[in-house]
Every structure is written in structure tokens, then in C-alpha cells.
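Naming: A, B, ... by sequence-line order, numbering from 1 per chain.
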Amino acid sequence: MLATACRILATHQRTRPTPLRILPTAEEDASATVCIRSGTGASDGAAPAQEDVRRARSIETPSPCLTADAHVSPWSPPPSDSTGTTTTTRRRRWRLVSYNAAISRCSRAGLYRRALALFHEMRGHGLRADEYTLPPLLNSAALLRSPPAARALHALLLRAGLASHLHVANALVDAYAKLARPAAARAVLDEMPRRDVVTWTSLLTGLARAGDHGAAVRVYHEMAADGVDPDEFAVAAVLSSCAGSTMLDLGRSVHAAAARRGFEPFLSVGNSLVSMYAKTGALRDARTVFDAMPARCTITWTAMIVGHAQNGRGRQSLDIYTDMVRSGCRPDYVTFIGLLFACSHAGLVDAGRAHFRSMVNDYGIAPGPDHYACMVDLLGRAGRLEEAMDMLNRSSTELDATVWKALLGACRVHRNVELAERLAEMVWRLDPTDAVPYVMLSNLYSRARRWGDVARIRALMKSRGISKEPGCSWVGVNGVTHLFHVEDHGHPRAAEIFRKVEEMTERIRAEGYVPDTDWALQDEAPEGREKALAYHSERLAVAFGLLAVPVAAPIRVFKNLRVCGDCHAAIKMVAKVYGREIILRDANCFHHMKDGACSCGDYW
DNA sequence: CTCACATAAG
């Protein structure tokens, strides 16, 4: 504990941040004030917290219970002893509890600045934080996205000797996890004398948030080794990471264990199961779980809508949405992202426009950049670039890079180089380190055979120190993940795999496959380009799948980037020639390939 | 009066 303590204190000493003075925003003050029931005057020094307690409380539970249970509430005057006098220490105790309650209410109501300001005020009255004060404060600091505030509270709790309280330490782990500082969360956890399921779950979600789903899954196993049993929270969290790391087999085993422990009826567990199965391409299992759920919520329905859309079942997504509304469940902001995404992937332009309007008119949801990005994607794919631009021009929402990137994607379909160049400039201005515009531009130039421009973009990327995520594909066999890069000879069975790729190429050529060298990005001679295509990572993974996956089972291949068009055509044909079902999930959606056809309808 | 979960395109 000491090492971390010294470091934190030293940092705090050196930088002397004053983050605890973060004041409530005007809106927070307004929303708090609106809720005050009567025109009681400002609280005096004797009962400083009462007004804030009342505010915070009334925010969450607007009216009647406030007066109804006032006589039993902890902020009523402290009970007097037999002689009718109240000791100073008892009064201080009541004021501390009142402040704690107020801080907790504010934190829960989303008034994070207010919570921190109350703490500041409380200290002004000579009251010290205890083990009840700190967790909601840490939570507020984390949700305000303020690492300095979190570090200051960390320093404070060390000085106050509160670090050994399990709840306080858990809140600290969670705060670092929420702030996407998994290493700091881990350091705190490692120094704790004992950990419970909350500690581990906090770290696990922190890793998941940072995108390290493999590490999250390892933490789940570590928890078991530490002698801590998972509960429904931990199960829901780890299932999400199983989905994130495409570990379907592990997801199934967690499902089985959760069922044995009786966690299946929990809404969050059902929701994460539906999502996990859908995201790993096992739609049938997602449906089975969904049908068996005792209750469903917006998240459940949204997971189903998105899952079907990702698996190329956009029309079914719309049917599910109809059922959702019919069941009385209200769609939210995220539901509409999924719904518009479904329309976009199924090419349902009219339905997409209608749902966009319905979102605003029927549900009063203001469209965000996310919705605009989906609409741009939808209109762009359908060749309505002009309409997409019109829509953006008319919008009053502040648009961000996601929208410009969606438009860039539309340019990819329509090969509109000039517009793409302008958009790339806009994205660069917002985030110079984003590799997406470079890759998009390079692909566009490449398809236009403008090799000079391709080289220029590559040089630009290099000079700016930006690297594109290398493409890779993997396939799971008997619980082991086999990973491949382009022209990768690193696998123990590489020779066999490359022979299989050559066999694949020969057999599909016999069926009429012609390589589409436009997809090759290097400005090489045609033969070289063809060769590079033939050994893309997805083809190596498929070849290995043909060798290692039992004939009756589908071959499930995952790719971190979007599948290349030539590989898409080739693998479709491989599925037909070899009589196999191949499920290829790329960065964008699933491709269920069978009998020479793909669930995406060649539209992705 | 305190801590952990599930849905999101590119």
C-alpha cells in the first residue's frame, strides 16, 4: 500500500490541484432549485445540510414521501437524551450523516459537481469525510471524467486512513476503472488486503471499457482463483467481454455456470446473453434466450434488433421493433441507432427515413450525431449522397467526426474522390491521429488506379507517425484461437494451410472466379497484386478452418477490419465448392455464407 | 448515508 500512497501523495503535493472546488453548473443549480418545495430561507450554520438534503431527495422522489416519512428520516433533529440535552459530538455526527446523505443523493441524481461542492462546504464546517462520504464522491469524480479530482480524493482517503475500508477501496478501483485507467485500478486492487466480488467486477469492467476483453476474461478467472464466487453482476460483465473477444465457447460455458447458479432470470444476465450470442453469430441461441426471458426491457429488444442487423437480417430487425412497440416497451436513443443501422444494412431507405421522423415526432428524441451517421450511411449506400448532404445542412445538431467519416464511407461506394478529399481534411482537423481518413483515401485512389496519390498518402501517414491497425483474422477451434496476418507463415501448420489456399484458388477458378485486383492496395504489377489478395488473413483463416473444423460445424472466422471485396467473392465461392457454411464476421457485420450466397446480400 | 452489471454505428 505504501508505495502507491507515497506516489499519489507526492503527485498531489507537486501539482496541488484544486479539483474539489468544482462548482455546480448553472443547470445543476437550476434543476436543484426547481425542486425545492417551499420557500424556506437559506439554511444557517446550525443546519447547513438540510436544504441540500431536501433538494437532492426531492430530485429523485419529487413530492409526497418527503413529508410523510419526515418524522423517521435521519435528518430530523437528533434525538435528545433523558435529560433533554444534546451533546456536541452527537450533533456533529448527525450533520455528517446529513451531508453524506445529501452527497449520495446528488451523486445518484447526476449532480456530480454539486456533490463535490457539498463536500467542500462540509469541510468548511470542520467535518471530515468518513467511509460513507467517499464512495459517492469518487463516483462523482469518475463520472465527471476528472482524473485530477479522483487522484485528490485518493490522496485524501490515504491521509484519512480510510483506504482499508472495503467499500472505499472498491469505489477507488471503480473510479479508476471508469476513468479508463485500468493499470491504476489494478494497482489499488493488488494492494488491498482482501477483495470481494465488487472489487473484481469493477476491475473487469474497467478492462472491458479500455477494450481489453481478453484481460477482462482473465480477471474473471483470477477472481475464481482468489476464492470469490461470481454473482449476476460479474456474470453479466464477463459475458459482455466474451462477446467483445468473440469467445463463443467461453460464453457458452459461462452461460452454463450461470444457469447452474440460478442467474438466468436476472434481466442483466439475459440481456448480456442475448447480446453475446448475437455478436458471436449464434442468432438462434440469442433467440432461444430471448424467448425464455421472464421479463424484457429496452436493452433486451435493442440487443435483438442490433444482433439481427449485424447478422444480415435487417428486415427481421424491423419486425422485432414492431413487436417491441406492440409489447409496450418504449424505444430509446440507442434503439434508434440500431434500427437505423438495420435499415442501412438492409438497404431499406424509406423505412429508415420514416423511423428517423418517428423518432423525433413520436418519441421526442433529438437526433444525435450517431443517428445522422446512420442516415448518411443509409442514404449514401443507396446513391443519395445529395440527400444526405441536404439532411446534414438542415440539421441543428452539432455534428462531429463520426458523421464526416460516415460520409467518407459513402464516397467509397460512389468513388467520389473530390468530396472525400474535403471530408478527410475535416476529420484531420478534428483528430489528426485518426487513421480512418487516410485508409479511406488510399483505398479510393487505389481503386481509381492513382498510384501516385496512394504513395503520397502513405508517405503522409508515415511522416505524421500514424499507423493503420494491421488486418488480421482468427478462427477458434476446440477453444483455441488461431490468429493470422496477411501472408503469415507463423502458424505451425503453415505449409499445409498455404497448400490449402492454393487448392481453394484453383477450385474456385474452375467455377469461374476472377480475382478483382482493384482491391489490392499496393501499386505492384498485376500478378503481384493478385498474389497479395490470395493470402489475405481471412483466406488463411478459412483455409485453416477447412482443415481443422469438423465437417458438420460452421467455420467461424473473425476479422478486425472490413473484409475485402475480392475475399468476400472468393470465400462465398469456397463455401459453395466445399459445401461448408462459413460465418465471417468483419468490423462491420456478419457474413453467413452458404451455397455461394451471403447474408449481407453483397451489400456491406 | 457508501461500491460492481446488460443495448451503440464507424
Side-chain angles (χ1 to χ4, degrees), chain A residues 49 53 56 73-75 94 96-105 107-108 129-139 142 162 165-175 177-178 196-206 208 230-240 243 263 266-276 278-279 297-307 309-310 331-342 344-345 368-378 400-409 427 434 436-437 440 562 587-589:
Chain A
V53 167
S73 64
W75 48 86
W94 276 102
L96 175 61
V97 171
S98 298
Y99 266 113
N100 285 349
I103 287 169
S104 161
R105 294 283 176 182
S107 161
R108 267 206 249 263
D130 69 359
E131 68 271 28
Y132 287 93
T133 324
L134 276 154
L137 284 176
L138 283 162
N139 217 353
L162 291 168
H165 280 272
L166 188 57
H167 278 142
V168 173
N170 281 350
L172 188 57
V173 171
D174 183 56
K178 281 199 174 84
D196 68 359
V197 68
V198 177
T199 328
W200 288 108
T201 310
S202 299
L203 177 62
L204 197 159
T205 54
D231 61 5
E232 70 274 17
F233 285 77
V235 165
V238 78
L239 281 171
S240 171
F263 295 156
F266 286 100
L267 192 53
S268 61
V269 171
N271 289 345
S272 54
L273 280 171
V274 166
S275 176
M276 185 273 293
K279 278 187 186 158
C297 67
T298 305
I299 293 178
T300 326
W301 290 100
T302 304
M304 284 291 277
I305 290 168
V306 173
Q310 283 174 328
D332 69 2
Y333 186 96
V334 180
T335 310
F336 280 103
I337 296 175
L339 199 57
L340 296 176
F341 174 66
S344 155
H345 279 249
D370 303 334
H371 300 110
Y372 280 109
C374 287
M375 286 305 288
V376 163
D377 198 47
L378 169 71
D400 64 7
T402 61
V403 178
W404 310 130
K405 280 191 256 184
L407 257 184
L408 252 175
V427 178
D434 193 335
V436 168
M440 290 267 195
R562 199 186 274 263
N588 201 257
C589 66

Exercise. Could you write nucleotides 5-10 of chain B as a row of B, S and -, 5' to 3', where a protein heavy atom under 4.0 Å of any base atom gives B, of only sugar-phosphate atoms gives S, and otherwise -?
Worked result: BBBBBB

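- Judged purely by distance below 3.5 Å, without hydrogens or angles, the side chains of A:Asn271 and A:Ser268 never pair a donor atom with an acceptor atom.
- Considering only residues two or more places apart in sequence or on other chains, A:Asp231 meets the side chain to side chain contact (heavy atoms under 4.5 Å, CB included) condition with A:Val197, A:Phe233, A:Ala234.
- Partners of A:Thr298 by side chain to side chain donor-acceptor pair (under 3.5 Å), not counting sequence neighbours: none found.
- With sequence neighbours excluded, the residues forming a side chain to side chain contact (heavy atoms under 4.5 Å, CB included) with A:Asp174 are A:Asn139, A:Lys178, A:Ser202, listed by chain and number.
- With sequence neighbours excluded, the residues that form a side chain to side chain donor-acceptor pair (under 3.5 Å) with A:Thr335 are A:Thr302, A:Asp332.
- Counting any heavy atom pair closer than 4.0 Å across all strands shown, A:Val173 reaches no nucleic acid atom.
- Rounding to whole angstrom units, CG of residue A:Leu137 and P of B:dC1 are separated by 16 Å.
- A:Asn139 comes within 4.0 angstrom of the backbone, heavy atoms only, and of no base.
- With sequence neighbours excluded, the residues that form a side chain to side chain contact (heavy atoms under 4.5 Å, CB included) with A:Ala175 are A:Leu138, A:Ala142.
- A:Leu138 places its CG atom 14 Å from the C1' atom of B:dA4, with the value rounded to the nearest Å.
- For A:His165 and B:dC3, the NE2 to C1' distance is 14 Å, given to the nearest whole Å.
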